[in-house]
Amino acid sequence: MERLRRHLFIALLTLILFAIAAVSGPVSGIEDRFSIVSAWLCLVLLAYTLLIGPAQAIKTGRPLDNLYIRRDLGIWSALIGLAHFILANELSMNSAYIDFYVNQASLPPAVELRSQLYSWGAILGYIIAVLFILLLSLSSDLAIRLIGIRWWKRLQRSAYLAFTFTVIHGFAFQILESRMALLVGLLVLITLVTLGSHAWGIVKIKKHRTSTRSRA
Ligand code: HEM
């Protein structure tokens with residue numbers, strides 16, 4: 001029941017954000033706005049998912065076992081990320097986009113760097129999509145039973161890789177599309193908070209293990 005309520009809440013939140021995006025500009029730009037909203041929502045949900053474990057580790061010094069809230073948030077992050085993947089593919093994998101943001105762009109950086117940012121940004125986008133499909137296929141009790149908890153945990157760690165690639169991909173397109181400083185700052189903040197608390201969580205777990213070993 002609690003899980004159902006959580007899924008309904010995230011579905012409602014997603015619908016509201018998309019509805020706001022739909023009415024906040026001309027119909028011709030609706031796909032662009034959906035692409036941006038889905039990209040950010042995916043990133044925020046992914047960061048939130050990855051913060052649950054470190055928050056617990058910082059509080060108690062113990063790592064977190066398989067938790068449904070983390071799994072549910074991860075599922076939504078991956079699904080919304082894949083929606084962005086489909087939209088962004090349609091919007092930016094074409095010569096009009098490449099001409100506008102790469103070959104004929106009037107703002108810095110230079111065309112060579114823009115070309116690298118576009119290519120690597122797109123390649124990372126595809127890798128993230130594959131990682132999301134993998135993570136989605138892992139997000140059930142059946143998957144744990146089939147592959148065993150050790151392998152499940154190992155593969156589950158690819159969520160950190162997906163996050164890191166999403167951030168790099170996000171930065172590449174922030175530069176290409178000359179996004180405002182506020183959005184770039186937000187991306188920096190999400191990255192620092194997520195990776196910083198992960199590192200802090202590891203330190204806390206190690207300290208806790210050393211102190212329980214020395215007491216034993
Ligand atoms: C599941 C895979 C993907 C994820 C999680 C993802 C995530 C993101 C994030 C977080 C941003 C920054 C948001 C912003 O625009 O301010 C972004 C932007 C962007 N991404 Fe992706 N991306 C993915 C796949 C792709 C692919 C395959 C392409 C195609 C080349 C792409 C093209 C773009 C473009 C053009 C932007 C800038 C404008 C926009 O948001 O539409 N993305 N993406």
Side-chain angles (χ1 to χ4, degrees), residues 10 13-14 17-18 20-22 24-51 73-105 107 109 111 113-139 155-195:
I10 307 175
L13 180 77
T14 308
L17 290 175
F18 275 87
I20 294 172
S24 62
V27 177
S28 57
I30 203 163
E31 278 189 328
D32 280 310
R33 295 194 297 279
F34 280 174
S35 173
I36 295 172
V37 167
S38 53
W40 279 99
L41 189 54
C42 161
L43 179 69
V44 169
L45 287 173
L46 187 57
Y48 189 10
T49 310
L50 297 181
L51 277 172
L73 286 167
I75 291 172
W76 277 94
S77 167
L79 289 176
I80 294 167
L82 289 172
H84 165 79
F85 170 78
I86 294 166
L87 283 165
N89 249 310
E90 197 194 318
L91 293 167
S92 57
M93 293 297 276
N94 54 58
S95 54
Y97 183 94
I98 298 173
D99 281 345
F100 191 79
Y101 287 107
V102 180
N103 299 334
Q104 288 154 24
L107 292 167
V111 175
L113 181 54
R114 281 181 171 271
S115 171
Q116 293 288 328
L117 287 171
Y118 178 81
S119 307
W120 285 107
I123 290 168
L124 286 181
Y126 284 102
I127 299 175
I128 304 160
V130 172
L131 289 174
F132 276 168
I133 292 167
L134 168 75
L135 287 163
L136 278 174
S137 69
L138 290 175
S139 58
L155 292 173
Q156 195 67 35
R157 283 192 200 114
S158 57
Y160 279 98
L161 197 61
F163 176 78
T164 309
F165 286 171
T166 302
V167 165
I168 300 172
H169 165 93
F171 274 117
F173 281 102
Q174 302 296 306
I175 298 170
L176 281 172
E177 298 206 2
S178 311
R179 283 281 156 77
M180 46 179 178
L182 187 71
L183 286 183
V184 181
L186 186 62
L187 194 53
V188 173
L189 185 72
I190 294 174
T191 312
L192 290 181
V193 170
T194 311
L195 299 181

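In listed order, ligands and their atoms are each counted from 1. Start at 1 with the first residue, then count along the sequence. Every heavy atom of this structure was used, including side-chain atoms; hydrogens, water molecules and symmetry mates were not.
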When only distance counts, is [X] in polar contact with ligand 1, meaning an N/O pair under 3.5 Å?
X	answer
Thr166	no
Tyr126	no
Ser35	yes
Trp40	yes
Tyr118	no

Checking a contact table here: which protein heavy atom is nearest [atom], and how many Å away?
atom	answer
atom 12 (C) of ligand 1	Gln174 NE2, 3.5 Å
atom 24 (C) of ligand 1	Gly125 CA, 3.5 Å
atom 6 (C) of ligand 1	His84 CD2, 3.2 Å
atom 27 (C) of ligand 1	Phe85 CD1, 3.4 Å

message: Just to verify, which of Ile128, Ile168, Ile190 counts as forming a side chain to side chain contact (heavy atoms under 4.5 Å, CB included) with Phe163?
response: Ile190
Restricting to non-hydrogen atoms, name the atom on [X] and the atom on [Y] that form the minimum distance, rounded to 0.1 Å.
X	Y	value
Leu134	Ser158	CD2-OG, 3.7 Å
Phe18	Phe34	O-CE2, 3.2 Å
Ile80	Cys42	CG2-N, 4.1 Å
Arg114	Tyr101	NH1-O, 2.6 Å
Leu46	Ala162	CD2-C, 4.2 Å
Leu135	Ala159	CD1-CA, 3.7 Å

Using a strict 4.0 Å cut-off to heavy atoms of [X], name the atoms of ligand 1 that fall inside it.
X	value
Gly81	1 (C)
Arg179	14 (C), 15 (O), 16 (O), 38 (C)
Ser92	29 (C), 30 (C), 32 (C), 35 (C)
Ala122	30 (C)
Cys42	5 (C)
Ala88	28 (C), 31 (C), 32 (C), 33 (C), 42 (N)
Tyr97	35 (C)
Ile36	39 (C), 40 (O)

Could you check whether any side-chain N or O of [X] sits under 3.5 Å from a backbone N or O of [Y], counting only pairs where one atom can act as donor and the other as acceptor?
X	Y	result
Ser24	Ile20	yes
Ser115	Val111	no
Ser35	His84	no

Close approach, Leu91 and ligand 1, non-hydrogen under 4.0 angstrom: no
field: Within-shell test, Tyr101 vs ligand 1, heavy atom, strictly < 4.0 Å
entry: no
field: Closest to atom 26 (C) of ligand 1 (judged by heavy-atom distance), picking from His169, Arg33, Glu31, Glu90
entry: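 Among His169, Arg33, Glu31, Glu90, the closest heavy atom to atom 26 (C) of ligand 1 comes from His169.
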message: I'd like to check Phe171 versus Arg179 (side-chain heavy atoms, cut-off strictly below 4.5 Å). Are they in contact?
response: no
Note, Phe132 side chain near Leu79 side chain (heavy atom, < 4.5 Å): no
Tyr97 versus Glu90, side-chain donor and acceptor atoms under 3.5 Å: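 Absent: no donor and acceptor within the cut-off.
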statement: Quick look: Ala39 vs ligand 1, heavy-atom contacts under 4.0 Å, and the answer is both
